[in-house]
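In this chain, numbering begins with 1 at the start of the sequence shown. Predicted model, so just to flag it, every value in this text is computed and none were measured.
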Amino acid sequence: MTSLQEILEELDKIEEETLRKSLKLEEIKSRLKQKKKILQEKQNELKKKQDEKLNLELQIREIELKIKEEEEKIKKWERQLKETKNYREQIILMNEISEAKKVKNQLEEEELKFIIKKDEVEKALSNMVNEMEEYIERESKEIDEMEKEVDKIEEEIKILQKRKEEVFWKIRELYPDVFKKYEEMRGGSGSKIVAKIDDGVCSACNIVIFPDILARLYANPDGFETCPNCGAILYVDHSGDGTEGA
């Protein structure tokens, strides 16, 4: 029959392993979250550049339409100028044509600036797309591996938790007083509930344990003792010669 000390040792090891895996899980999840965040930021940056290119194309198109309007005005007024013999109408038409050409030239200069800007954006966008494709391919592989590792660790933690529940039921059935003490401490400050005595010291709070407590635990494998300082349920290693902490 398994002794209380052996059960407590198993429980402690399960909790230590669960804690270790939980910390590793949180660390991987944190890195995974950061990777996804950076990936999203890069995708947003790419989308912003694509929107900038589209906006420039729309502005160029609007200017082209305005240039065409001015060209139509110039053609119309030039036809009227050839047809009219009225000097006053000729002066008015010549002024209109001159103003339209001036506006057309300004629009063409503005269009050229937008075209140059669009070319710069397209070049930058091309570089971003190439870099993004490489980045997404590389990061997607890493993210996939990390997500698989997360699933693996979560499954391992579930197995540990299942085993922990089995140990709980064993303690509850065989050692109800110990189970009651454990339940009382489980909702406490978060310090260790079960602690091994290493070299006469409580592994939970590093306080030296009284020799009489040690002696009782070694003498009775089913003994129930708590740390006078932190209240942790104590156990000792009975696999040795029983001299630990002496």
Take Asp51 and Lys47, measure what salt bridge (charged side-chain N to carboxylate O under 4.0 Å, His left out) needs, and give me the verdict at the end.
-> CA-CA 6 Å; Asp51 290 344; Lys47 178 67 166 55; 3.0 Å; yes
Please check if atom NZ in Lys66 has more than 12 non-hydrogen atoms from other residues, nucleotides or ligands closer than 6.0 Å.
-> no
Between Glu96 and Lys73, is there a side-chain N and carboxylate O pair less than 4.0 Å apart?
-> no
Do the side chain of Asp222 and the main chain of Leu4 share a donor and acceptor less than 3.5 angstrom apart?
-> yes
Verify whether one side chain among Asn95 and Glu99 offers a donor that lies under 3.5 Å from an acceptor in the other.
-> no
Just how far is it from atom CD of Glu110 to atom CG of Leu112, taken to the nearest 0.5 Å?
-> 11.0 Å
Carefully, step by step, assess Asp119 and Lys123 under the rule salt bridge (charged side-chain N to carboxylate O under 4.0 Å, His left out).
-> CA-CA 6 Å; Asp119 290 341; Lys123 184 177 179 180; over 6 Å; no
What distance do Tyr135 atom OH and Leu46 atom CG have between them, rounded to the nearest 0.5 Å?
-> 13.0 Å
Are more than 12 heavy atoms from other residues, nucleotides or ligands located less than 6.0 Å from atom CZ of Arg31?
-> yes
Of Glu16, Glu10, Glu17, Glu9, which meets salt bridge (Lys or Arg N to Asp or Glu O under 4.0 Å) against Lys13?
-> Glu9
Distance (rounded to the nearest 0.5 Å) between Lys104 NZ and Glu69 CD | 13.5 Å
Is a side-chain N or O of Ser140 found less than 3.5 angstrom from the main chain of Ile136, in a donor-acceptor match?
-> yes
